[in-house]
Amino acid sequence: MQRFTRDEMASRVARDIPEGAYVNLGIGLPTMVANHLPKDREIFLHSENGLLAMGPAPAPGSEDADLINAGKQPVTLLPGGAYFHHADSFAMMRGGHLDFCVLGAFQVSKTGDLANWHTGAKDAIPAVGGAMDLAIGAKKVYVMMEHTTKQGQSKIVDACTYPLTGIRCVNRIFTDLAVIDVTPRGLEVVEIVDGLAFDELQRLTGAPLAAGPALKESQ
Amino acid sequence: MQRFTRDEMASRVARDIPEGAYVNLGIGLPTMVANHLPKDREIFLHSENGLLAMGPAPAPGSEDADLINAGKQPVTLLPGGAYFHHADSFAMMRGGHLDFCVLGAFQVSKTGDLANWHTGAKDAIPAVGGAMDLAIGAKKVYVMMEHTTKQGQSKIVDACTYPLTGIRCVNRIFTDLAVIDVTPRGLEVVEIVDGLAFDELQRLTGAPLAAGPALKESQ
Amino acid sequence: MINKIVPSVAAAVADIHDGATVMIGGFGTAGMPSELIDALIERGARQLTVVNNNAGNGDTGLAALLKAKCVRKIICSFPRQTDSWVFDSLYRAGEIELELVPQGNLAERIRAAGAGIGAFFTPTGYGTMLADGKETREIDGRQFVLEKPIHADFALIKADRGDRWGNLVYRKTARNFGPIMASAAKCTIAQVRETVDLGGLDPEAIVTPGIFVQRVVRAPADALSEPQAVLTRSRPNS
Amino acid sequence: MINKIVPSVAAAVADIHDGATVMIGGFGTAGMPSELIDALIERGARQLTVVNNNAGNGDTGLAALLKAKCVRKIICSFPRQTDSWVFDSLYRAGEIELELVPQGNLAERIRAAGAGIGAFFTPTGYGTMLADGKETREIDGRQFVLEKPIHADFALIKADRGDRWGNLVYRKTARNFGPIMASAAKCTIAQVRETVDLGGLDPEAIVTPGIFVQRVVRAPADALSEPQAVLTRSRPNS
């Protein structure tokens, strides 16, 4: 079966981020989106640890231990960027000033509930970081994840079985098989990977799907 | 009858402010305290409109409309001073970071209730400013006022009749007749102006007074 | 390319609508965005709710906005000043509504709006008439009053320098309410003394990051752009 | 004359007592006051409650403090990292208590302590297990959780430069929790790369005004003062 590669997924997310947007890219897969933002768009990357207008990774040898991102990797600051403290940084999220955040996920429910911080395993050490703040901290919350687990189970579900990160917070899901909107009417498919039929996508998905307006038009 | 002059009152308040103290001086009479702080003590003056380490009034002709105090008079900033925004400025008060504030008052009750913002007159336009924040905004709240009104009524009362600024917030009262502490045991006189007997002071005061330890010792 | 710098104060306030809630920076006249207020008067928006520390001084700036009968309600801490005669007479005539808020609660309510806080418990005002009817609670032996955020449609503020991304620095005590109002409004309009190139502001010293600012306008406009500004001003509803 | 600059990290932490609540700045190792932490280990205070974003990296800094069995409880948002083996083993052995707080709530609870806020309603964490048992409320159609401030006895933070009145500026993202922790502790101790004369910091760019800082210490100490620092370190309880 054809699947979007991780780069294709990141590129597809990037396509939905317009010029001028303030964006937080979560740790892991979402970080890749930065490499696919069109060079001709000015997009402002926010990092929870207190910077805005984050630039690319520094050249080897130019790393600065005081200039890192949320994943604690060395980064740079663009001209026009700014530093601020943690309360101000999370005020930007909680106050609804970010336009988009892009998060990884274990599960997303049909109503947009998000589970992405804890598997609930008894022996796991819980660590939440900024996940719950990000889940409620942008005008649009995008999730970027594989459509199914390695065992083939759908990560899109009727109701999350893992501990929740946020309730009814996800707006759009980008997987390696499709782009799906969470709407008041339920899940609506925006795009499907080439060669995959809608019915087949539905079979691989743990919640009811409908064809969204764009998909209907293209078919 | 002998009375402390306004300068003597201000000087007396200044004596109770130790080196290193962070202090807010309210509008009006308390502003005079600044002129009496000993030159050999480093004391930090806070102004609610966003500055710390406020200096004296500028030389005529050097006024800067962007550098004013809470009374909107031109001031200066000492080397080592800092500017900050209004939420941070009032966080300094509310968070208990100021050591002292000195306020004027219409009335102080025997339990330390303060009335200093509104006479309650029907046609008065109410204006509170930072008064209520200051009333709860320092480790010690000093009040500096005439002992009696122009009509001879005591401004120290059993219970305030004017609208309250804060409850049980005043620690020490400096008047033109005496220095009085508000204690859990009631009002205790610390000092009396020369030539005024305790009984006479009591007669001029609308709440019961006791002699404090320092006064007893000096008698 | 993102360029938040707009050519004139008239253009900057062109969409402020009747009935809008407008925060206006300043403590007295320090930090008051007078040119933006003048443009708002020209625009002629009515029935505004204004949030400011005071209620105008003399006959210019905020006082002129009140005098032009643009304001239905004012939320402030200290309306009565020696030179607040415009407000005083409107208030006595019952032509303006007043919501009086202790200054620190005013600042914190504005900050709460910008920070997405739903409500907070403050000790300020407890037991006073300004807390009448408000929910109270004892927490760890101290009494608090519940206060809610103040959101706005627009904020008009004055900064010293700004860049095309909306980053701002202020000047001395003219900073006052500017940074928190910028965070609490849907659309923040900053008049600046000077615009600078991107990177011209020290990232360690930027007080208001551009995320909180939608429009930047140089005011007063310099000699070169003044004729255009005047021209624009003659078409108030453009 | 007020001089908050102390001669050594040992002197700076000399009164941190058993059972104290100690905030420690830093996000990972950026902004972590490692020299102050080392001094605290030397001092040997026990049963501490530590507030930090993480729970230590590798075997140095906060991790070393945990390893030395000085910490009874940690309040943090993200303990589990690839190099958090010290915390991991203590936690699995039941030798350390963990209070897990979403990062933004952690920051806001610290800020609330410094700002004298009794409690606040936050949307973060609503409906999750981290809000279990907490009071909730619907405000204007949105759900919130009530969170309380986190106060501390001491804050150990790292800044870039400081003066004798305790004014501080930070460096890049090493700023993170420093300014808010400084405001939330009874005694804030800042290690700085460099001390400067009064007036050497731009008053427009000071991030932490001295009112929030009780002690400033240069660390690492420079070559000249290093022998003394070593000497002091050999008498941990002085």
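Reckoned from all heavy atoms, side chains included, excluding hydrogens, waters and symmetry mates. Residue numbering restarts at 1 for every chain, and letters A, B, ... go by the order of the sequence lines. Because the structure is predicted, anything quoted here is derived from the model rather than measured.
Within residues 117-125 of chain D, the residues approaching chain C closer than 4.5 Å by heavy atoms are, in numerical order, D:I117, D:G118, D:A119, D:F120, D:F121, D:P123.
For C:Q143, the side chain to side chain donor-acceptor pair (under 3.5 Å) criterion is met by C:E138, not counting sequence neighbours.
Contact detail for C:R175 and D:E204: the closest heavy-atom pair is NH2-O, 2.9 Å.
Neither the backbone nor the side chain of D:I206 comes within contact range of chain C; no heavy atoms are under 4.5 Å apart. With a threshold of 4.5 angstrom between heavy atoms, D:E147 does not approach chain C through any atom at all.
Ranking D:K148, D:R137, D:R142, D:R171 against chain C, the residue ahead of the rest is D:R137, based on heavy-atom pairs under 4.5 Å.
Crowding of D:D132 atom CG: a count of heavy atoms from other residues, nucleotides or ligands under 6.0 Å exceeding 12.
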